[in-house]
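Data block below; observations after.
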Amino acid sequence: MGEAWPVNESWVTVVGNAATRPDFWETAAGVAVARFRLAVTVRRWDRGRDAWADAYTSFYTVWTWRSLAANVAGSVSLGEPLVVHGTLRVREREWDRERERERDRPLQGEGRAGEGAGGAAVPPAMGGDSGGGTHQSRRWVTAEIDAVAVGHDLTRGTSAFRRVSQAKPLLNAPTGATSP
């Protein structure tokens with residue numbers, strides 16, 4: 001049997017530009033992680049000017065893991081055109097000023113955070129305490145992609161591919177002697 005693919009996930013392919021340099025780190029368990037922001041600008045044909053015109057821009061946080069994370073960290077630079085394929089996750093986030101921590105909030109009408117329909121990121125907005133007190137918190141919605149593939153958009157430039165191979169120990173190290 002092969003790897004199981006989630007059935008009820010929103011799979012997306014997004015074309016845009018790297019809006020940040022990838023952040024790379026390893027978890028306590030030694031798993032490589034890279035994260036970057038992707039800007040996706042909608043373009044429309046303007047008949048009056050007889051040219052393409054930019055409309056609005058959506059931003060996605062792209063998460064990559066393991067070998068993809070290491071390759072993204074070594075290959076992606078700020079501003080480069082990219083194609084990203086993965087699962088979309090929309091979350092409502094809240095920064096609790098009183099406790100100085102961030103936490104997920106369930107989206108309205110949902111049982112758990114991150115189980116939403118597709119959509120673009122919404123800019124952070126200041127909100128008051130929903131309990132009627134003086135407590136202030138900051139709430140916003142994020143759109144995140146757990147990527148399974150990231151590559152350069154070759155309709156906008158060229159790229160040179162270099163295969164990465166994992167170093168494997170040699171079982172029979174050469175000694176320099178020749179066989180008869």
Side-chain angles (χ1 to χ4, degrees), residues 1-42 57-96 99-108 110-124 138-170:
M1 292 247 144
E3 183 179 337
W5 289 90
V7 177
N8 294 324
E9 297 281 351
S10 297
W11 287 90
V12 295
T13 302
V14 183
V15 178
N17 292 318
T20 63
R21 290 182 185 88
D23 292 324
F24 179 81
W25 69 92
E26 289 188 359
T27 66
V31 177
V33 181
R35 171 187 67 192
F36 65 95
R37 299 278 288 160
L38 185 73
V40 179
T41 301
V42 173
T57 301
S58 299
F59 290 88
Y60 299 87
T61 300
V62 179
W63 291 90
T64 60
W65 302 86
R66 298 173 186 76
S67 62
L68 179 58
N71 292 341
V72 161
S75 302
V76 173
S77 297
L78 182 65
E80 290 183 341
L82 300 172
V83 178
V84 174
H85 181 71
T87 57
L88 179 66
R89 193 174 56 224
V90 178
R91 295 182 180 185
E92 182 176 0
R93 310 287 297 193
E94 178 179 24
W95 177 260
D96 187 336
R99 293 180 185 89
E100 295 205 16
R101 66 183 171 102
E102 184 177 320
R103 66 183 179 101
D104 283 334
R105 294 181 45 85
L107 292 172
Q108 188 171 359
E110 309 227 0
R112 292 186 344 217
E115 294 179 346
V122 175
R138 179 178 157 203
R139 295 182 186 162
W140 67 97
V141 175
T142 65
E144 301 177 348
I145 300 172
D146 284 326
V148 295
V150 175
H152 288 103
D153 181 357
L154 298 181
T155 64
R156 298 175 44 207
T158 62
S159 183
F161 180 79
R162 290 178 309 277
R163 185 174 303 275
V164 176
S165 63
Q166 299 294 329
K168 299 199 173 123
L170 296 175

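Side-chain contact between Trp11 and Val148: present, with at least one pair of heavy atoms (C-beta onward) separated by less than 4.5 Å. At a threshold of 4.5 Å between non-hydrogen side-chain atoms, the residues Leu154 and Ser159 count as touching. Residues Asp23 and Phe36 are not in side-chain contact: their nearest non-hydrogen atoms beyond the backbone lie 4.5 Å or more apart. Looking at heavy atoms from C-beta onward, Val31 lies in side-chain contact with Trp65 at the 4.5 angstrom threshold. When side chains are defined from C-beta on, Val90 does not count as touching Thr142, because their heavy atoms never get closer than 4.5 Å. Proximity of Leu82 to Val15: side-chain heavy atoms (C-beta onward) are nowhere separated by under 4.5 Å.
Here OG1 of Thr13 is found 11.5 Å from CG of Leu88. Values are rounded to the nearest 0.5 Å. For the atom pair NE2 (His152) and CD (Glu80), the distance works out to 3.5 Å, reported to the nearest 0.5 Å. Between Trp63 atom CH2 and Arg89 atom CZ the span is 8.0 Å, to the nearest 0.5 Å. Here the CG atom belonging to Asn17 is positioned 9.5 Å from the CG atom belonging to Leu78, to the nearest 0.5 angstrom. A distance of 6.5 Å separates CZ of Arg93 from CD of Glu144, quoted to the nearest 0.5 Å. To the nearest 0.5 Å, atoms CD (Glu94) and CZ (Arg138) are separated by 11.5 Å.
When all heavy atoms of Pro22 and Ala73 are compared, the closest pair comes out as CB-CA, 4.3 Å. The shortest non-hydrogen separation linking Val76 to Ala18 is CG1-CB, 3.9 Å. Nearest heavy-atom pair, Val84 versus Leu38, reported as atom, atom and distance to 0.1 Å: CG2-CD2, 3.9 Å. In terms of heavy atoms, Ala147 sits closest to Val62 at CB-CG1, 3.9 Å. Scanning all heavy atoms of the two residues, the minimum distance from Val40 to Gly16 falls at CG2-CA, 4.2 Å. Closest approach of Leu68 and Val150 over heavy atoms only: CD1-N, 4.2 Å.
At a cut-off of 3.5 Å, with distance as the only test, no side-chain donor of Arg162 or Asn71 sits close to an acceptor on the other residue. Using modelled atom types, one finds a donor on one side chain and an acceptor on the other under 3.5 Å when comparing Arg37 with Thr61.
Residue Arg156 qualifies as enclosed at atom CZ: its count of foreign heavy atoms under 6.0 Å is above 12.
Under the 3.5 Å distance criterion, the side-chain polar atoms of Thr64 are matched with a main-chain donor or acceptor of Ala34.
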Open item on the list: Determine whether Ile145 and Val14 satisfy the following criterion, side chain to side chain contact (heavy atoms under 4.5 Å, CB included), listing intermediate values before the conclusion.
Closed with: CA-CA 9 Å; Ile145 300 172; Val14 183; 3.7 Å; yes
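Every residue two or more places apart in sequence or in another chain that forms a side chain to side chain contact (heavy atoms under 4.5 Å, CB included) with Ala149 is listed here: His85.
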